[in-house]
Amino acid sequence: QVQLVESGGGLVQAGGSLRLSCAASGRTFSSYTMGWFRQTPGKEREFVAVISSSTGSTYYADSMKGRFTISRDNTKNTVYLQMNSLEPEDTAVYYCAAKRFYTRVSRGAEYDYWGQGTQVTVSS
């Protein structure tokens with residue numbers, strides 16, 4: 001069982017930056033692939049980025065490449081999402097999620113555990 005708690009969301013102006021954190025419980029955090037997703041009302045959940053458990057391989061949605069960076073600190077059981085050059089279109093609730101294997105990583109249905117989400121609002 002893994003419990004995930006996101007933090008770091010808030011209100012930021014367009015062009016600004018935010019760093020989201022996701023703290024995980026449990027002693028097996030390092031064995032989980034960790035992903036970030038986002039969702040706005042009336043829209044489907046959208047894949048943002050993922051980082052593997054072992055090699056730290058990363059993969060991003062096309063619209064986030066070059067602006068967002070995912071990282072993890074296994075000593076702190078935490079995964080991060082650094083978001084730069086934010087745009088109003090990035091406004092959403094951001095969720096972190098965990099799965100055991102680095103396969104089909106952009107599919108939310110493949111993830112076993114989810115956090116409660118943190119709101120990010122980007123003003124124009």
Side-chain angles (χ1 to χ4, degrees):
Q1 189 78 8
V2 176
Q3 293 184 326
L4 305 172
V5 179
E6 301 96 335
S7 61
L11 175 64
V12 63
Q13 289 188 332
S17 298
L18 280 175
R19 188 177 81 155
L20 305 183
S21 299
C22 174
S25 65
R27 293 175 289 179
T28 59
F29 170 78
S30 61
S31 67
Y32 282 87
T33 287
M34 300 298 297
W36 285 97
F37 291 77
R38 67 186 187 185
Q39 190 167 24
T40 56
K43 292 187 177 181
E44 291 188 357
R45 182 172 51 199
E46 179 184 19
F47 168 74
V48 174
V50 64
I51 186 166
S52 70
S53 59
S54 54
T55 65
S57 297
T58 59
Y59 175 66
Y60 299 88
D62 287 343
S63 61
M64 287 69 166
K65 287 180 182 177
R67 298 193 301 127
F68 292 7
T69 302
I70 189 171
S71 61
R72 66 190 299 161
D73 186 341
N74 289 337
T75 66
K76 296 182 179 180
N77 279 14
T78 301
V79 61
Y80 304 98
L81 185 68
Q82 177 68 44
M83 305 186 295
N84 299 328
S85 302
L86 283 163
E87 304 165 352
E89 293 73 23
D90 295 315
T91 295
V93 177
Y94 284 72
Y95 299 90
C96 71
K99 68 191 306 291
R100 291 305 304 268
F101 302 108
Y102 195 72
T103 56
R104 297 184 290 275
V105 294
S106 63
R107 296 179 58 183
E110 296 286 332
Y111 286 75
D112 301 307
Y113 304 102
W114 291 84
Q116 84 290 347
T118 186
Q119 176 71 47
V120 171
T121 302
V122 184
S123 62
S124 57

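- Residues Ala49 and Leu81 come closest through the heavy atom pair CB-CD1, 4.3 Å.
- For Thr91 (side chain) and Val122 (main-chain N/O), a donor-acceptor pair under 3.5 Å exists by modelled atom type.
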Checklist entry - Step by step, would you call Gln1 with Tyr113 a side chain to side chain contact (heavy atoms under 4.5 Å, CB included)? => result CA-CA 8 Å; Gln1 189 78 8; Tyr113 304 102; 3.9 Å; yes
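- Scanning both residues, Phe47 and Phe37, for their nearest heavy atoms gives CA-CD2, 3.5 Å.
- Between Tyr94 and the options Glu46, Glu6, Arg38, a side chain to side chain donor-acceptor pair (under 3.5 Å) holds for only Arg38.
- For the pair Trp114/Arg45, a side-chain contact is recorded, criterion being any heavy-atom separation below 4.5 Å from C-beta on.
- For Arg67, the side chain to side chain donor-acceptor pair (under 3.5 Å) partners are Asp90, not counting sequence neighbours.
- Shown here for Ser21 and Thr78, the closest heavy-atom pair between the two residues is CB-CG2, 4.2 Å.
- Across Leu4 and Gln116, no two heavy atoms sit closer than the pair O-OE1, 3.6 Å.
- Ser57 places no side-chain N or O within donor-acceptor distance of the main-chain N or O of Ser52, the cut-off being under 3.5 Å.
- Closest approach of Leu86 to Leu18, counting heavy atoms only: CD1-N, 3.9 Å.
- Ser30 and Arg72 get closest at one heavy-atom pair: CA-NH2, 3.9 Å.
- With Asn74 contributing its side chain and Phe29 its backbone, the two residues share no donor-acceptor pair below 3.5 Å.
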Item to check | Evaluation steps, ring pair (Phe, Tyr, Trp, His ring centres under 6.0 Å), between Tyr102 and Tyr59 | outcome: CA-CA 10 Å; Tyr102 195 72; Tyr59 175 66; 7.9 Å; no
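- Here Thr40 pairs with nothing under the side chain to side chain donor-acceptor pair (under 3.5 Å) rule; sequence neighbours left out.
- Taking Tyr32 as the reference, nothing meets the side chain to side chain donor-acceptor pair (under 3.5 Å) condition, with sequence neighbours excluded.
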